[in-house]
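Read the structure below first, then the notes.
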Number of protein chains: 2
Amino acid sequence: MPTIREVAARAGVSPATVSRVMKGEVRVNAETRARVEAVIKALGYAPNVFARSLASNRLNGVGLVISHLGGPFMGRVMMTLEAALRRANVSLLVASGGGEAGREQEAVDFLLGRRCDGLIVHADALSNATLAGLAATTPLVVFNRRVPEIAEHCIHLDNECGGYLATRHLLEQGHRRIACLTGPLKQQDAAERLAGYRRALREEGIETDEHAIIEGDFTERSGEQGMATLLAREAAVTAVVAGNDDMALGAMAALRARRISMPQTISLIGYDDEACARHVVPALTTVHAPLEEMAQAAAERLLALIEGATLPPSTPFMPTLIERETVAAPGG
Amino acid sequence: MPTIREVAARAGVSPATVSRVMKGEVRVNAETRARVEAVIKALGYAPNVFARSLASNRLNGVGLVISHLGGPFMGRVMMTLEAALRRANVSLLVASGGGEAGREQEAVDFLLGRRCDGLIVHADALSNATLAGLAATTPLVVFNRRVPEIAEHCIHLDNECGGYLATRHLLEQGHRRIACLTGPLKQQDAAERLAGYRRALREEGIETDEHAIIEGDFTERSGEQGMATLLAREAAVTAVVAGNDDMALGAMAALRARRISMPQTISLIGYDDEACARHVVPALTTVHAPLEEMAQAAAERLLALIEGATLPPSTPFMPTLIERETVAAPGG
DNA sequence: CGTGTTCGTGAAACCGGTTTCATGATGGTC
DNA sequence: GACCATCATGAAACCGGTTTCACGAACACG
């Protein structure tokens with residue numbers, strides 16, 4: 001491993017000049033530069049990243065905090081993030097928190113202790129206040145979540161629109177009695193999706209039946225239970241919008257168990273477009289988030305923040321409806 | 001950010017002593033240690049990782065090279081890896097290669113350029129020779145793949161056993177005409193699974209019908225096509241073992257399209273136990289790999305290798321059969 | 001031709017740890 | 001009491017870059 005001083009010696013210049021050449025500074029004589037570059041090439045010199053980090057106080061790396069590494073979309077997100085960052089020659093450190101506030105905080109601290117230049121946080125358990133505090137001390141991008149205090153640090157999906165799209169689609173098929181199986185309403189995304197559902201009904205002049213709104217917790221089981229509750233009611237429903245695909249899957253199981261045909265008797269829409277949604281039978285109509293675009297935006301925003309830029313808040317990303325086989329006209 | 005010299009000054013000792021206290025060396029007077037520790041605590045001193053890395057020439061971090069970050073199990077694997085490494089206070093850098101040899105090599109080089117202390121490689125495209133070469137220069141663990149030249153660096157699944165288990169299970173149900181939809185046979189795992197299939201049949205004294213072995217490429221589409229080919233044959237088959245779950249899913253689609261009942265007319269077994277396998281209807285019987293255990297072993301092995309240990313080759317990990325709903329007795 | 005810029009470069013300080021080596025103190029042995 | 005081993009500690013070198021500052025040369029201007 002040649003050092004900068006060896007290169008300097010061979011090229012007959014000082015280490016300072018080599019350093020200048022390495023970072024492509026302008027204030028170097030073309031001839032000198034050529035000479036130095038030749039030596040660099042000949043020796044296969046590559047700067048020691050530790051020394052560089054120490055001197056410049058920059059890791060050239062960012063941290064990614066993820067609650068649920070095992071979750072259904074993290075792969076898609078990480079893939080894009082990693083590619084975008086590597087293009088900028090920035091490395092990606094990953095730490096997971098398992099959805100518990102304590103462990104997520106540990107993950108943040110770990111990454112900060114590694115002197116990451118910035119953080120991308122995709123976490124449920126960390127509070128808004130914590131995140132806002134974090135944003136004050138380090139370049140930060142919050143992924144898939146809107147923290148009002150630090151809107152300019154957030155990359156998020158328009159969940160209200162997603163809920164609206166799903167409900168609207170059912171409405172357009174002629175459904176009038178539409179239930180909603182929501183996620184935990186203390187969670188922002190679940191609440192927003194529900195708001196979109198309400199708006200769609202309202203626009204159509206349909207009074208929402210509050211008993212047709214059942215709060216679950218985004219798990220398959222809660223979807224199954226919610227659907228069971230729905231089916232036990234007097235007032236029959238012809239369509240259901242689920243808080244996410246997992247809940248939709250649960251709902252499908254409940255329907256199947258009762259031999260209720262889908263979409264003929266009941267139509268169903270999920271949310272997230274997980275891999276399973278395509279494979280299930282009938283294939284699940286669902287709401288798709290442009291995760292790759294969002295990840296790309298997150299990477300770009302973080303890099304800009306690290307450079308010291310101040311940016312306006314990002315506009316929310318728009319979900320789209322993926323039509324498959326679980327929706328039909330009522331009584332169809 | 002206090003430095004080690006400030007701590008030293010306040011404690012009335014030299015930086016060397018503080019350094020010794022920090023790393024818990026024994027040769028420090030208990031009283032001195034207590035004094036230094038008090039100051040460390042009071043100042044909230046944390047060593048600068050850059051300086052530490054520079055001086056010790058150690059990143060205290062390892063790199064993970066992954067072909068397909070978006071793949072179905074990476075989440076489970078990364079989760080365990082990350083947890084195990086963080087416990088050892090080692091950070092995890094991630095780089096992806098997208099399944100192309102060139103880009104995987106770039107990922108390796110990138111990580112090596114970051115001076116990772118070691119590498120965990122989960123890659124298809126890199127050749128055995130490349131990996132063997134890599135192992136010679138840096139602590140390396142190859143995940144989910146067996147490279148004979150460097151067996152002691154590999155954590156792998158006994159795919160032959162998996163293929164055997166699946167086939168054996170069908171045999172036990174009474175099937176005699178069992179087809180096999182394999183992955184690309186130039187890939188080791190696919191070939192091994194097939195070998196297990198053959199062994200199971202052989203043990204039962206059944207001559208393998210070579211036309212019932214159809215090579216695909218692990219994609220859903222190839223599973224569908226393979227199944228179509230099978231169904232077009234004269235010689236009917238009562239069961240199929242698929243190279244992986246994706247192919248099984250394709251096969252299911254082909255059966256569904258032809259209204260062939262499953263498992264009544266044809267039984268089917270997948271491999272990998274992807275998330276979908278549980279959700280599909282009927283739920284897919286499949287072969288499950290202990291990925292978490294494997295990831296744990298990979299992390300431990302890499303840390304040991306970094307410490308300079310020489311280890312015997314790891315014994316292969318054993319897959320298990322997950323019985324669900326796609327297998328029944330023939331004609332059942 | 002004197003003065004003020006600009007340019008290219010080098011010397012040296014600096015980043016903040018780790019590690020080697022030397023030193024003095026202490027304690028045990030004969 | 002002399003000698004040697006052990007222990008605790010500090011001084012200083014070292015890791016390998018970056019960056020500041022100074023300086024000489026070249027050039028522009030009046």
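By convention in this document, chain letters (A, B, ...) are assigned in the order of the sequence lines, proteins followed by strands, and residues within each chain are numbered from 1. Note: hydrogens, waters and symmetry copies are ignored here, and every other heavy atom, side chains too, is used. What you see is a predicted model; the values in this text were computed from it and never measured.
Side-chain N or O atoms of A:E106 include none that pairs as donor or acceptor with a backbone N or O of A:G97 at under 3.5 Å.
Heavy-atom distances under 4.0 Å link DNA chain D to B:L54, B:A55 of residues 46-55 of chain B, given in residue order.
In summary, B:R10 and B:E6 do not engage in a salt bridge, as defined by a charged side-chain N under 4.0 Å from a carboxylate O. Using a 4.0 Å cut-off between charged nitrogen and carboxylate oxygen, A:E82 and A:R86 count as a salt-bridge pair. Between A:R301 and A:E152, none of the side-chain N atoms (NZ, or NE/NH1/NH2) sits under 4.0 Å from a carboxylate O, so this pair counts as no salt bridge.
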Provide a list of protein-nucleic acid N or O atom pairs under 3.5 angstrom, restricted to nucleotides 7-9 of chain C.
from, atom 1, to, atom 2, distance (Å)
C:dC7, OP2, A:R27, NH2, 3.2
C:dT9, OP1, A:T32, OG1, 2.2
C:dT9, OP2, A:N29, N, 2.8

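In this model, no donor atom of one side chain and acceptor atom of the other lie less than 3.5 Å apart for A:Q296 and A:E292. If you check the side chains of A:R145 and A:N128, you find a donor sitting under 3.5 Å from an acceptor. There is a side-chain donor-acceptor pair under 3.5 Å between A:S67 and A:E104.
B:T3 comes within 4.0 angstrom of sugar-phosphate atoms only, judged by non-hydrogen atoms across all strands, and of no base.
More than 12 heavy atoms of other shown residues, nucleotides or ligands fall within 6.0 angstrom of atom CZ in A:R76.
Across all their heavy atoms, A:L119 and A:L112 have their closest contact at CD2-CD1, 3.7 Å.
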Go through the steps to decide whether B:M294 and B:N144 satisfy the test side-chain contact (heavy atoms from CB on, under 4.5 Å), and finish with yes or no.
-> CA-CA 8 Å; B:M294 290 171 67; B:N144 198 23; 4.0 Å; yes
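A nucleotide of DNA chain D counts as in contact with chain B when one of its atoms lies under 4.0 Å from a heavy atom; the first and last such, 5' to 3', are D:dC7 to D:dG16.
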